[in-house]
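Here is the naming used below: chain letters follow the sequence lines, and residue numbers restart at 1 for every chain. Worth saying up front: this structure is predicted, and the values here are computed from it rather than measured.
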Protein chains: 2
Amino acid sequence: MQGLTIQEAAQTTGWSPRMLRYIERAGLLELSRSESGYRLYGPEQLQRLRTLRELLARLNFGLSELGFALRLRREPLLRAEVDAWFDAEPERPEHVDPDDWLRWEQDKHEALIAASHTTHMEIA
Amino acid sequence: MQGLTIQEAAQTTGWSPRMLRYIERAGLLELSRSESGYRLYGPEQLQRLRTLRELLARLNFGLSELGFALRLRREPLLRAEVDAWFDAEPERPEHVDPDDWLRWEQDKHEALIAASHTTHMEIA
DNA sequence: CAGACCTTACCAAAGAATTGTCAAGGTTTA
DNA sequence: TAAACCTTGACAATTCTTTGGTAAGGTCTG
């Protein structure tokens with residue numbers, strides 16, 4: 001039987017079994033199955049799961065967001081429409097006070113979603 | 001004073017004033033401001049707001065997801081890491097039962113997140 | 001100056017995503 | 001066969017996002 005069972009995989013990756021199923025369900029990891037339907041985690045899957053943990057923690061986003069990134073790669077139409085929306089007619093806003101981009105100390109949670117946009121735009 | 005005020009913009013776009021501020025805060029729309037700090041919505045902004053409504057409804061995703069798409073374009077590092085994760089060593093899973101991809105009638109909410117991956121993969 | 005706007009900040013209701021847990025039933029292994 | 005796994009499905013606690021208010025104070029217009 002090639003690969004670890006879900007419980008073993010959980011131990012070595014730090015995810016709970018519940019989450020491992022969730023991640024699979026979200027389309028973020030493909031698994032092989034044993035004859036009888038058991039999930040089988042190989043070295044590559046384990047590696048990806050560990051990397052995943054790191055990514056989410058380090059870059060500050062969640063599974064649903066990664067799920068959307070996946071949609072963007074799998075659905076060219078979606079990708080196109082989203083790109084189109086972003087690229088539409090920027091029409092220079094005249095009055096963009098640089099203050100607006102430093103005024104980053106505000107509402108408890110609205111700050112969070114906003115913060116994500118600057119997270120990796122260091123002082124530079 | 002070039003542009004509609006937030007209340008007027010709300011009326012013609014279908015968003016609430018609260019949401020218009022939220023959208024701006026999320027980095028999804030840049031606005032000019034009047035001398036005294038009032039948000040000014042020009043025709044382009046109004047158009048983008050209407051399009052946005054459509055997009056979200058039609059393609060079935062939310063502001064946070066679009067926010068993440070924005071991060072992906074603005075933060076090349078993030079983009080690179082996410083791409084790298086997706087592209088890592090696919091290691092063919094031997095046993096991918098096509099049933100797994102039709103067994104789409106399940107858990108009340110887990111079905112939803114999963115469904116997003118097939119939404120636009122018609123019968124074809 | 002009064003009324004009707006606007007601003008930001010905060011609190012909280014409603015919804016959705018995340019995560020645990022348990023039940024009913026099949027598999028593996030000692 | 002019994003213990004210790006696995007499967008899927010469901011319910012539910014927790015947490016995060018989305019959305020609406022409301023308060024305190026500034027602006028615009030009559």
Taking for each residue the nucleotide of DNA chain C with the nearest heavy atom, is it E65(B) or Q7(B) whose nucleotide lies nearer the 5' end?
Q7(B)
In whole angstrom, what separates [X]'s [atom1] from [N]'s [atom2]?
X: R25(A); N: dG20(C); atom1: CZ; atom2: C1'; result: 17 Å
X: L4(A); N: dC5(D); atom1: CG; atom2: P; result: 14 Å
X: M19(B); N: dA14(C); atom1: CE; atom2: P; result: 15 Å
X: L31(A); N: dC6(D); atom1: CG; atom2: C1'; result: 14 Å
X: L56(B); N: dG15(C); atom1: CG; atom2: C1'; result: 16 Å
X: E35(B); N: dC6(C); atom1: CD; atom2: C1'; result: 15 Å
X: R53(A); N: dT19(C); atom1: CZ; atom2: P; result: 9 Å
X: W15(B); N: dT18(D); atom1: CH2; atom2: C1'; result: 10 Å

Going through the distances and angles, do E24(A) and R33(A) end up as a salt bridge (Lys or Arg N to Asp or Glu O under 4.0 Å)?
CA-CA 12 Å; E24(A) 185 195 21; R33(A) 299 283 187 127; 3.2 Å; yes
Distance-only donor-acceptor test, R39(A) side-chain atoms vs dT7(D) base atoms, 3.5 Å
no
Just how far is it from atom [atom1] of [X] to atom [atom2] of [Y], taken to the nearest 0.5 Å?
X: L63(B); Y: L52(B); atom1: CG; atom2: CG; answer: 6.0 Å
X: Q45(A); Y: Q47(A); atom1: CD; atom2: CD; answer: 11.0 Å
X: F61(A); Y: L72(B); atom1: CZ; atom2: CG; answer: 8.0 Å

Among dC5(D), dC6(C), dT8(D), the one nearest any side-chain atom of T5(A) is dC5(D)
Would you mind telling me which of dT8(C), dT17(D), dT19(C) lies closest to the side-chain atoms of Y22(A)?
dT19(C)
For [X] and [N], is the shortest distance between a side-chain N/O and OP1 or OP2 below 4.0 Å?
X: R18(B); N: dT18(D); answer: no
X: S16(B); N: dT19(D); answer: no
X: S34(B); N: dC6(C); answer: no
X: S64(A); N: dA17(C); answer: no
X: S36(A); N: dT28(C); answer: yes

Between protein and nucleotides 23-26 of chain C, what N or O pairs are separated by less than 3.5 Å?
| from | atom 1 | to | atom 2 | distance (Å) |
| --- | --- | --- | --- | --- |
| dG26(C) | N2 | Y38(A) | OH | 2.7 |

Quick one, Y41(B) and T13(B) - any side-chain contact, counting heavy atoms below 4.5 Å?
no
In the structure I gave you, are the side-chain heavy atoms of R73(A) and D87(B) within less than 4.5 Å of one another anywhere?
yes
Please determine if E65(A) and R71(B) form a salt bridge, counting it only when a charged side-chain N lies under 4.0 Å from a carboxylate O.
no
Shortest non-hydrogen contact from L20(A) toward A10(A)
CD1-N, 3.6 Å
Can you work out whether G62(B) or R21(B) has the more 5'-proximal nearest nucleotide on DNA chain D?
G62(B)
